[in-house]
Participant: 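Structure in structure tokens, see below.
Numbers here simply count residues along the sequence, with the first being 1.
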Amino acid sequence: MRLKNVLIVVKDIERARRFYHDLFGLELVLDNEGNMILTEGLVLQEEKYWTEFLGRSIISENNSSELYFEEPDIEGFVEKLESYYPEVRYVNRLMTHSWGQKVIRFYDPDGNLIEVGTPV
């Protein structure tokens, strides 16, 4: 057995697809009516299908998980983030951990937590 994908719930699937393409270069692999598979194994699922399947509502910004990306040019990434999405909600702006890794944490438009850090 192996982990195949990570699925996140989104309100507007097209907006989410653009967000992950604009910032991370993820491309569409499969569009299956409310479910989109992007490169790197990220799956977007529209909230209405999620709540239908589970019979529960989502809790935005629940901080129980995050998507983690590494970027050597993190200052360039921050410039791109602020240029494309100036309204982004930050958990923390660019900071440096005690071990030297630079990181930034913010929410995607649907409240999914994202961390971008320099390679360790």
Side-chain angles (χ1 to χ4, degrees):
M1 184 181 300
R2 66 185 183 104
L3 177 63
K4 176 88 173 153
N5 297 101
V6 173
L7 181 146
I8 60 173
V9 178
V10 299
K11 290 177 179 30
D12 181 334
I13 200 163
E14 194 54 43
R15 177 185 67 181
R17 185 199 60 75
R18 279 191 311 275
F19 178 86
Y20 284 96
H21 177 267
D22 290 347
L23 292 179
F24 304 104
L26 302 183
E27 299 289 343
L28 181 64
V29 174
L30 178 67
D31 185 349
N32 191 14
E33 297 182 36
N35 291 281
M36 286 185 177
I37 299 175
L38 306 180
T39 51
E40 303 300 322
L42 183 61
V43 177
L44 309 175
Q45 184 173 75
E46 287 183 1
E47 180 180 18
K48 66 182 179 181
Y49 295 109
W50 183 259
T51 56
E52 181 183 316
F53 294 149
L54 290 186
R56 298 179 181 184
S57 59
I58 65 159
I59 301 170
S60 183
E61 296 183 21
N62 65 24
N63 302 314
S64 64
S65 64
E66 74 173 16
L67 299 175
Y68 174 75
F69 297 86
E70 285 189 340
E71 171 58 60
D73 179 15
I74 198 155
E75 288 84 2
F77 173 80
V78 171
E79 287 178 20
K80 181 165 65 168
L81 173 64
E82 292 175 350
S83 171
Y84 280 58
Y85 296 95
E87 71 284 358
V88 72
R89 295 178 320 269
Y90 291 95
V91 174
N92 63 271
R93 293 186 181 265
L94 189 59
M95 59 172 280
T96 304
H97 284 296
S98 60
W99 57 88
Q101 183 188 30
K102 293 182 179 181
V103 299
I104 183 172
R105 291 181 188 87
F106 55 94
Y107 295 106
D108 77 1
D110 296 288
N112 296 295
L113 181 59
I114 297 172
E115 177 179 347
V116 178
T118 53
V120 284

Participant: Who pairs with E40 by side-chain hydrogen bond (donor to acceptor under 3.5 Å, both in side chains), at least two apart in sequence or on another chain?
Facilitator: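 So E40 forms no side-chain hydrogen bond (donor to acceptor under 3.5 Å, both in side chains) with any residue.
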Participant: Hey, does I114 have a side-chain heavy atom less than 4.5 Å from the side chain of F19?
Facilitator: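 They are in side-chain contact.
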Participant: Say you draw a straight line from CD of E61 to OH of Y107; how long is it, rounded to the nearest 0.5 Å?
Facilitator: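 Rounded to the nearest 0.5 Å, the CD-OH separation comes to 4.5 Å.
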Participant: Would you indicate whether the side-chain heavy atoms of L44 and I8 approach each other to under 4.5 Å?
Facilitator: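 Side-chain contact under 4.5 Å: yes.
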Participant: Given K102, which partner from the list E71, E75, H97 fulfils the side-chain hydrogen bond (donor to acceptor under 3.5 Å, both in side chains) test?
Facilitator: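 When side-chain hydrogen bond (donor to acceptor under 3.5 Å, both in side chains) is applied between K102 and each of E71, E75, H97, only E75 qualifies.
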Participant: Looking at OG1 of T118 and CG of D73, how far apart are the two atoms once the value is rounded to the nearest 0.5 Å?
Facilitator: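 With rounding to 0.5 Å, OG1 (T118) is 11.0 Å from CG (D73).
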Participant: State the CG-CD distance between N112 and E66, to the nearest 0.5 angstrom.
Facilitator: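 Rounded to the nearest 0.5 Å, the CG-CD separation comes out at 11.5 Å.
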Participant: Who are the side chain to side chain contact (heavy atoms under 4.5 Å, CB included) partners of Y90, not counting sequence neighbours?
Facilitator: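 Y90: side chain to side chain contact (heavy atoms under 4.5 Å, CB included) contacts with L81, E82, V88, R93, I104, F106.
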Participant: What residues form a side chain to side chain contact (heavy atoms under 4.5 Å, CB included) with V29, not counting sequence neighbours?
Facilitator: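 Expected list: I37, T39.
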Participant: Any pair with a residue in residues 5-29 that passes side chain to side chain donor-acceptor pair (under 3.5 Å), sequence neighbours left out, goes on the list, sorted by first then second residue, please.
Facilitator: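 Side chain to side chain donor-acceptor pair (under 3.5 Å) check on residues 5-29 returns E14-R17, R15-D110, Y20-D108, H21-E27, D22-Y85.
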Participant: Strictly by side chain to side chain donor-acceptor pair (under 3.5 Å), give each pair with a member in residues 45-59 just once, sequence neighbours left out.
Facilitator: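 For residues 45-59: N35-Q45.
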Participant: Report the hydrophobic cluster partners of M95, with the cluster defined as I, L, V, M, F, W, Y residues connected by side-chain heavy atoms closer than 4.5 angstrom, directly or transitively.
Facilitator: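 Hydrophobic cluster check, M95: joined to V103.
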